[in-house]
Amino acid sequence: MFRIVMSSLLVLLSLIAIAGPARSAGPAGSRPTVVLVHGAFADASSWNAVATRLVHAGYPVVAVANPLRGVAHDASYTARVLDAIQGPVVLVGHSYGGSVISTAAVDKPQVKALVFVSAFAPEAGESAATLSNKFPGSTLGQALAAPVPQEAGVADLYIRTDKFWQQFAADVPQAEAVLMAVGQRPITDAALGEANTGTAWKTVPSWFVYGTGDRNIPPAALAWMAERAQSKRTVAIPGASHVPQVSHAREVAALIEAAAR
């Protein structure tokens with residue numbers, strides 16, 4: 001396990017060395033900055049394999065540490081990250097991160113494209129919970145651990161570590177999935193039930209990629225949201241889990257590059 005952790009650390013350090021200060025972006029005419037927003041039960045390291053490919057292809061990359069406290073709160077946080085970046089942006093969201101980018105990109109003309117990776121693209125008034133239940137197939141509810149109470153009457157939600165691999169990342173090697181389970185970031189129950197107000201996907205060109213083996217968000221819901229958003233290109237990866245950015249990084253990075261072009 002120590003070797004696995006050290007390997008991940010070396011990847012992160014190499015990205016920092018190659019990418020440099022991404023938040024100050026490059027000169028006019030350079031490639032757009034790709035901003036990656038993780039979802040619930042994940043963290044910024046879930047983008048490592050995708051970020052490696054994008055950095056090597058010459059893109060500045062920023063992986064946001066999504067607070068996972070609530071849609072409006074997290075979108076405001078992400079919007080401030082966007083304001084600190086010079087030049088055009090391709091904004092990418094995974095899972096609940098799709099709700100965040102749909103709001104964060106509103107009135108941000110520097111955001112030229114949205115990419116939804118196994119992600120929600122809510123209409124105003126819709127929440128992650130309502131969209132997950134719109135079609136049958138999600139088994140997330142029965143995989144959750146006991147809620148952990150927090151301030152203001154909300155509770156943090158985690159996936160049980162013994163359920164995490166099959167529920168969240170079934171096509172990822174078990175040893176890697178175990179570390180993902182240990183390091184998972186909790187989301188509040190209120191965040192999953194909070195209605196979206198922003199619908200940037202209505203005005204910003206959008207791309208979608210998801211796995212047909214997703215057990216968190218029903219694939220039928222993901223396909224339906226992509227069609228509703230008039231996706232420029234939708235990639236359905238056969239059998240892929242809820243984290244194609246980990247298990248199928250090449251396909252996800254390729255779609256982000258297509259959106260960037």
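Between Leu140 and His242 there is no side-chain heavy-atom pair separated by less than 4.5 Å. Two residues are said to be in side-chain contact when any heavy atoms from C-beta on lie closer than 4.5 Å; Thr212 and Ile237 fail this criterion. Taking the side chain as every heavy atom from C-beta outward, Phe164 and Val178 never approach each other to under 4.5 Å. When side chains are defined from C-beta on, Lys232 does not count as touching Ser206, because their heavy atoms never get closer than 4.5 Å. Two residues are said to be in side-chain contact when any heavy atoms from C-beta on lie closer than 4.5 Å; Glu123 and Thr199 meet this criterion. Side-chain contact between Val37 and Val92 is absent, with no heavy atoms from C-beta onward closer than 4.5 Å.
Counted within 6.0 Å of NZ on Lys163, heavy atoms from surrounding residues, nucleotides or ligands total 12 or fewer; the atom is thus considered open. Applying the 6.0 Å contact sphere to CG of Asp83 captures more than 12 heavy atoms from other residues, nucleotides or ligands. Other residues, nucleotides and ligands place more than 12 heavy atoms under 6.0 Å from the CD atom of Gln166. Annotation: Arg228, atom CZ; neighbour count of heavy atoms from other residues, nucleotides and ligands within 6.0 Å is above 12.
Ser95 and Asn216 share no donor-acceptor pair across their side chains, judged by distance under 3.5 Å alone. Side-chain N/O atoms of Tyr96 and Asn66 include no donor and acceptor closer than 3.5 Å. Side-chain polar atoms of Gln167 and Thr139 form a donor-acceptor pair below 3.5 angstrom.
In this structure, CH2 on Trp201 lies 15.5 Å from CG on Leu91, to the nearest 0.5 angstrom. Interatomic distance, Leu131 CG to Ser99 OG, rounded to the nearest 0.5 Å: 7.0 Å. Gln245 CD to Ile256 CD1: the interatomic distance, rounded to the nearest 0.5 Å, is 9.0 Å.
Note on Trp165 and Tyr158: separate hydrophobic clusters, where clusters join Ile, Leu, Val, Met, Phe, Trp and Tyr whose side-chain heavy atoms are under 4.5 Å apart, directly or indirectly.
Using a cut-off of 4.0 Å between Lys/Arg side-chain N and Asp/Glu carboxylate O, Asp156 and Arg185 are scored as not salt-bridged.
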Exercise. Can you list the steps and then say if Gln184 with Asp43 is a side chain to side chain donor-acceptor pair (under 3.5 Å)?
Worked result: CA-CA 7 Å; Gln184 65 177 294; Asp43 63 15; over 6 Å; no
